[in-house]
Every structure is written in C-alpha cells, then in structure tokens.
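These notes concern the structure reproduced below.
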Number of protein chains: 2
Amino acid sequence: MSSKLFVSAQEVAERAGVSRSAVSRTFTPGASVSADTRRRVLEAAEALGYHVNHLARGLMRNESGIVCLIVSDVATPYRSALLRELTLQLQNAGKVAMLINTDRSDGSVDRALRQAIRYRADASVILSGLPDKSITQLCLRNGQRLVLINRDDDQPGPLKINLDDYESGGRIATAFVRAGCRTLAFANSEAGTPSLMGRERGFIAAAARLGIEVIVERYGWTGYEAGKVLAQRMLTRTERPDAVFCATDLLACGFMDAARHQFGISVPDQLCIAGFDDIEQASWSSYDLTTFAQPVSMIASHAVEWLSKAENADGEDHSVRLTAELIWRGSIRGG
Amino acid sequence: MSSKLFVSAQEVAERAGVSRSAVSRTFTPGASVSADTRRRVLEAAEALGYHVNHLARGLMRNESGIVCLIVSDVATPYRSALLRELTLQLQNAGKVAMLINTDRSDGSVDRALRQAIRYRADASVILSGLPDKSITQLCLRNGQRLVLINRDDDQPGPLKINLDDYESGGRIATAFVRAGCRTLAFANSEAGTPSLMGRERGFIAAAARLGIEVIVERYGWTGYEAGKVLAQRMLTRTERPDAVFCATDLLACGFMDAARHQFGISVPDQLCIAGFDDIEQASWSSYDLTTFAQPVSMIASHAVEWLSKAENADGEDHSVRLTAELIWRGSIRGG
DNA sequence: GCACCGTTTGCACACGCTTGCAAAGCGACC
DNA sequence: GGTCGCTTTGCAAGCGTGTGCAAACGGTGC
C-alpha cells in the first residue's frame with residue numbers, strides 16, 4: 001500500500017555491480033564471498049538502506065526465527081518477569097518473540113497455536129492455559145518445537161519445565177511448625193492449576209505427617225483481591241490460623257493487607273505468612289514476605305536452549321524439574 | 001530442518017480437486033469463490049491441517065500483519081499493563097504483536113527498529129527510548145507506521161501520544177496546598193524523560209504561582225529502590241517536606257515505605273504523597289496512593305486505530321494529547 | 001603451456017502465496 | 001440461436017530470498 005517499496009537485494013546488486021546471489025551470500029553467515037565484493041555490497045546496502053527480508057528468508061529456509069510466547073495475565077508481576085527474561089534470552093539467541101495474549105475467551109490457546117503455525121514460528125512457549133492434544137500434535141508434526149512452563153502436562157513431545165511445588169509446600173509447612181505455629185492454613189485460588197494444587201497437596205501432606213490438619217480455602221482468581229477475600233473467610237473462623245501459606249505472592253499480599261488493616265493482626269507475631277513466586281513486591285518493606293523464588297532466568301534458559309537445539313530427538317520424553325529457592329524474610333517468626 | 005514439512009495450498013487443492021487459486025481465494029476474505037468449492041476446500045484443509053503461510057502471504061501483499069512493540073522494563077507494572085492492552089487490541093484488529101525488549105545496551109531502539117524492518121512489520125510502537133532520526137526516516141520511507149507513546153518527540157511522521165503531564169503536576173500542587181501542606185517536594189529519577197520532566201516543571205510552576213518553592217531531588221532509575229533513596233535524602237533535611245509528588249507510583253511506594261518504616265512518619269497525617277501511573281499496587285491498602293491514572297486503554301486504542309488506518313496522510317502532524325485522571329485515595333489528607 | 005585445485009560467481013529454480021487476466025460457465029432476454 | 005452480463009475458475013507471473021550446480025577465476029607445480 002505504500003508508495004515506496006522496500007529496497008530489495010536486486011537493487012543492491014545493481015548498485016554494487018554484482019549479482020543478486022552475491023548480495024544474498026553477503027548476508028548469509030558462512031557463505032562464500034570474497035572480501036572485495038562483500039565490502040562493495042555492504043556499502044551499497046548501507047547507502048540504500050537495505051535490510052534482508054526475513055519473511056522471504058523464512059520462506060526459503062523453512063525457519064522463520066520467530067518464537068511464539070503464549071501467555072495470559074501479562075500484566076501480572078510473575079508473568080511479566082518471566083516474559084522479560086524470555087524475550088531477552090531469545091533475542092540473545094538470534095530469535096524474535098511473537099507475543100500472543102490469551103486473556104478473554106477460553107480455548108484461545110488453541111487459537112494462539114494456530115496463529116503460531118500461520119507465521120511458521122520455529123517454536124512456541126506456553127506460559128498459561130493448556131492446549132488441546134490435537135493441536136499440539138499438529139504443531140509437532142510440522143516440526144514446531146513446544147515448551148510448556150509450569151503446565152505439568154503428560155503429552156510426549158514438548159519440553160516440560162516444572163517446579164518442585166509439592167516439596168516446596170512441604171518445606172514451608174515444617175518451617176511454620178518450627179516457628180511455633182500450630183494452626184496451619186492454605187489459601188488457594190479456584191484456578192486449580194497443577195502447580196497451585198501441587199503446593200497445596202505438598203503442604204497438606206507434610207502437615208499431616210506432623211499431625212496437623214490444614215484449613216484450606218479456595219477463592220477466585222489468583223490475585224490480590226482474592227487474597228483479601230480469603231483472609232476475610234479464614235480470619236473470622238473460630239479456630240483462627242496462626243500461619244497461612246498462600247499459593248501465590250499476590251494472594252499473600254492481599255491476605256496480609258486484610259489481616260493487618262481490617263483485622264488488626266500483626267505479622268509475623270500473631271500470624272505467619274508465606275507466598276510463592278518472589279515477585280518484586282514481596283521484597284517491599286510493607287510486605288517483607290517469605291516466599292519461594294521461581295528460577296525465572298533458569299526457566300528461560302532451559303526453554304531457549306531446547307528450542308535452539310538443531311537435533312529434534314523425537315520419542316524421548318523431555319522434562320525438567322527445577323527447585324524453587326526459599327527466600328527467608330520477615331513474615332515468618334525466627335528467621 | 002524438520003522431516004515433515006508444512007502442508008501447502010497445492011496439496012489442499014489436489015485433495016479438493018480444484019486449482020491452487022481456489023484454495024487461496026477461499027482463505028482471502030472478499031474473493032470470488034462459489035459456495036460449493038469453498039466447502040470442499042475447507043474440508044480438505046481441515047483434514048490436512050492446512051494453515052495459510054503468513055510469511056508468503058506477507059511477501060505477496062507487502063503487508064505482514066506484524067506490529068512491533070519496542071519496550072524496555074517490560075516487567076514494570078505500568079509497562080506491562082500497557083503491553084497487555086496493546087497486544088489485546090492489536091489482536092482484535094487482526095494484527096499480531098512482535099515484542100522487542102530493549103533492556104541492556106543503549107541505542108538498541110535503533111536495532112529494534114531494524115529488526116522491525118527485517119520482518120517487514122506494518123508498524124512499530126515505541127514505548128521507551130527514542131530512536132535516531134535517520135532510522136525513523138528509514139521506517140517511514142518504507143511505509144512503516146510509527147507510534148511514539150509518551151516520548152514527546154517533535155519528528156513529523158509518527159503518531160505521537162502524550163499525556164498532560166505539565167497540567168497534572170499543577171493539579172497535584174494545588175491539591176497539596178488545599179490539604180494544608182506548605183513544604184512541597186518533587187521526587188524524580190535521573191532518567192530525564194520528557195514526561196517525567198513535564199510533571200516536574202508543571203508541579204514547580206504551579207507551586208511558584210502559590211508562592212512556594214519546591215524541593216527537588218533526582219536519583220537513579222524510576223523504581224521502588226530509588227524511591228527509598230529519595231526519601232532518605234529528603235526526609236533528613238532540616239526543612240522536612242510535608243508533601244511529596246513522586247514522578248511515578250513505583251517511586252511513591254518506595255518513598256512511602258521508607259517514610260513509614262525507617263522514619264516512623266505517618267501518611268497522610270505528617271506527610272502527603274502522590275504518584276503517577278495508577279499501577280495496581282497503588283490501590284493496595286498498604287499504600288492507598290493518590291495518583292494519576294494513565295488512560296492505558298485509550299492510549300492503546302488510539303495507537304491501534306492509527307496504525308490500521310489505510311490512508312497514510314503524509315505531511316500532516318499527528319499528535320494526541322490525553323488527560324490523566326486524578327484518582328483520589330488516602331495518601332493525601334481531606335479527600 | 002598444461003593439468004590441477006580451491007575459491008568465487010552467476011544462473012536458474014524453488015519456497016508458498018496472491019492476483020490480473022482471460023477463458024469458461026450459466027442464465028436471461030430479445 | 002445469438003448476444004449480453006455476471007460469476008467462477010485456471011493460468012501464469014510475480015513477491016524477495018537461499019542454494020545446488022557448473023562455469024569462471026586465480027594461483028601452483030611440473
């Protein structure tokens with residue numbers, strides 16, 4: 001639609017007095033070009049403002065350099081931190097990120113993957129939601145790499161990166177008991193994600209081993225407001241908990257704010273709180289929240305390394321388990 | 001490199017017993033295909049798992065459907081909120097977002113724009129940094145649309161979306177004075193962005209009209225930690241301010257935390273605080289921060305509308321000024 | 001001069017798609 | 001039946017690039 005079109009390799013070739021192939025080879029690392037023609041081509045390209053057309057290149061090479069990031073709740077602290085790390089490391093690996101937001105409308109992960117196929121993305125990274133088996137099969141059949149982060153799926157083919165949610169739940173339970181807490185609670189959302197449920201189950205199991213039954217509540221979406229509601233529900237019980245593990249830092253922040261400002265409860269003296277994710281706000285002095293840090297950078301590097309690998313070792317089951325690091329702060333007594 | 005290639009329109013055509021053009025037309029809205037062939041093509045496509053190759057389509061149409069979002073500090077609350085809105089609205093407009101992260105290494109905005117050109121992006125939206133004039137000219141010459149958000153540049157050609165930073169600064173100054181404050185301060189970062197400086201100048205000017213000289217400090221990058229440092233600097237002065245306007249909510253949160261937890265100052269009784277952006281944390285009850293809401297959704301819709309417009313009215317100067325809405329909360333006395 | 005070898009270069013085809021153009025099909029009307 | 005008009009269809013020419021292949025080149029060693 002533009003009056004002036006982009007400048008093509010042909011024009012550069014004419015100006016440099018060489019063939020079009022020479023231009024192409026100049027911009028293809030490892031191709032055979034003499035130093036002299038290379039220089040002349042580069043000069044002409046610079047003068048004309050030439051840039052290789054990656055659409056055409058991708059068409060030829062059958063490799064676009066595009067990696068699709070499929071994600072909902074982009075504006076959430078944890079998600080955006082992961083997004084940051086992924087884009088950065090992808091760029092370092094010479095790839096470029098295509099961002100597909102799957103907020104609103106369910107089943108849109110499938111739609112997103114279709115979009116990834118249309119743009120012939122070399123790979124897709126799924127940070128949220130779970131795709132239908134048929135569509136992932138379609139992706140894999142077309143040679144598209146797939147990475148599932150914290151999705152805990154059992155489909156063979158994609159790389160699956162997960163955390164030790166269950167064990168983390170256990171660790172925090174013993175930490176609570178060691179801090180002298182006796183009435184343990186778990187605050188969860190209704191999302192029912194495998195990672196969230198893993199934390200819950202691990203926490204309950206470890207408490208059971210210590211002879212403690214855990215109060216569990218689930219409400220709403222995994223955000224600040226839900227944390228407040230959960231606090232209202234749990235702190236008005238006759239047997240009020242003196243320690244609560246929130247499935248997420250956002251929940252924990254909401255819970256803590258409600259406990260302090262609506263119930264006048266002091267943290268950690270009367271109530272110990274722990275969260276998960278280690279979002280930036282967890283370190284803010286208003287919260288000073290003990291939590292588990294997701295190894296965001298390591299997650300990203302595993303993902304990027306896998307999807308840049310030339311060899312597609314089909315058939316094997318690729319799955320990575322990383323451990324979340326317990327960040328000890330002031331929301332639990334006796335650090 | 002994959003053993004099996006993607007399925008092409010040719011294969012669909014053969015299976016459906018029609019020509020390749022028929023397949024192409026079936027997937028081109030508004031093209032002339034009979035209902036019968038259309039049905040047969042769709043059936044064959046579904047069976048084979050065919051998806052139009054947007055790289056090839058973009059090559060032909062000279063219109064990729066890709067929009068580049070160039071942004072640093074992706075994990076920041078305000079930026080990620082804007083990102084969320086942009087991706088969502090772009091998708092609704094039938095575009096797809098390519099995310100380029102310009103953290104680390106300066107001048108990378110230019111590199112990002114080059115990347116946008118390589119992928120023949122229809123447009124680029126710049127959320128941070130400022131590109132060199134030569135490179136924006138190159139983009140415009142190639143028919144690539146450009147949107148600058150809060151960059152306050154004077155280059156003709158791109159759409160420039162800005163806020164009434166200066167006026168907002170003025171409004172908050174009078175609000176402080178009306179609340180009985182007498183010693184006004186402005187906490188800024190050293191970034192020196194036009195929007196940040198606009199708020200500062202507007203605040204100072206309005207205070208001057210009321211006969212008040214403003215204490216100004218600038219430090220570091222526009223984040224929580226910088227806010228803490230600024231508090232340390234300002235609250236140890238002999239003439240301690242009783243109202244501070246922070247250029248950003250993140251600064252304000254840090255400032256408030258330091259004021260309360262390190263200096264034992266009560267907000268808003270002894271110190272009124274205001275911020276800018278209305279990030280989610282501003283509404284959290286630990287902060288309850290009076291601030292200006294950026295009209296994120298409107299910013300995004302202006303950007304998307306402009307870059308989907310068919311007509312490229314060259315020569316005209318396109319610039320939009322939006323007003324930030326004052327969100328009145330508890331960090332200023334007497335709301 | 002000639003055979004040999006390694007490097008550089010150009011030709012031409014392929015990638016998967018869109019689209020102008022003309023031919024074909026189909027009714028309807030005189 | 002012939003003419004006109006409209007819709008549908010296939011052909012083929014591109015879009016900008018990568019790359020195999022063979023020819024051209026340039027330098028050795030005899």
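Just so it is clear: chains get the letters A, B, ... in the order the sequence lines come, proteins before strands, and each one is counted from 1. Only heavy atoms go into these numbers, but all of them, side chains included; no hydrogens, no water, no symmetry mates.
- The shortest non-hydrogen separation linking A:Asn150 to A:Gln294 is ND2-OE1, 3.3 Å.
- If you check residues 35-44 of chain A against DNA chain D, you find no residue with a heavy atom closer than 4.0 Å.
- Note on A:Ser32: a side-chain N or O is less than 4.0 Å away from OP1 or OP2 of C:dT8.
- For B:Val33, taking side-chain heavy atoms from C-beta onward, the closest of the listed nucleotides D:dT19, C:dT19, D:dT9 is D:dT9.
- Electrostatic pairing of A:Glu43 and A:Arg39 counts as a salt bridge here, judged by a charged N lying under 4.0 Å from a carboxylate O.
- Using a 4.0 Å heavy-atom criterion, one finds that B:Ser34 contacts the sugar-phosphate atoms exclusively.
- The nearest whole Å value for the distance from the CG atom in B:Asn142 to the P atom in D:dG16 is 12 Å.
- Heavy-atom minimum distance, B:Ala121 versus B:Cys68: CB-N, 4.3 Å.
- Between A:Arg40 and A:Asp36 there is a salt bridge, with a side-chain nitrogen of the basic residue lying less than 4.0 Å from a carboxylate oxygen of the acidic one.
- Counting only heavy atoms from C-beta outward, the side chains of A:Val67 and A:Lys95 approach each other to under 4.5 Å.
- Here C:dT18 presents its C1' atom at 14 Å from CG of A:Leu55, a figure rounded to the nearest Å.
- Counting only N and O atoms by type, the side chains of B:Ser34 and B:Thr37 include a donor and acceptor under 3.5 Å apart.
- In this structure, A:Arg145 does not pair ionically with A:Asp122, as no charged nitrogen and carboxylate oxygen lie closer than 4.0 Å.
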Between the protein and nucleotides 11-17 of chain C, are there any N/O to N/O pairs under 3.5 Å, and if so, what are the atom names and distances?
{"unit_1": "C:dC11", "atom_1": "N4", "unit_2": "A:Ser21", "atom_2": "OG", "d": "3.2"}
{"unit_1": "C:dC17", "atom_1": "OP1", "unit_2": "B:Tyr50", "atom_2": "OH", "d": "2.7"}
{"unit_1": "C:dC17", "atom_1": "OP1", "unit_2": "B:Asn53", "atom_2": "N", "d": "3.4"}
{"unit_1": "C:dC17", "atom_1": "OP2", "unit_2": "B:Ala9", "atom_2": "N", "d": "2.5"}
{"unit_1": "C:dC17", "atom_1": "N4", "unit_2": "B:Arg20", "atom_2": "NH2", "d": "3.3"}

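- Looking at B:Arg84 and A:Asp103, a side-chain N of the basic residue comes within less than 4.0 Å of a carboxylate O on the acidic one, giving a salt bridge.
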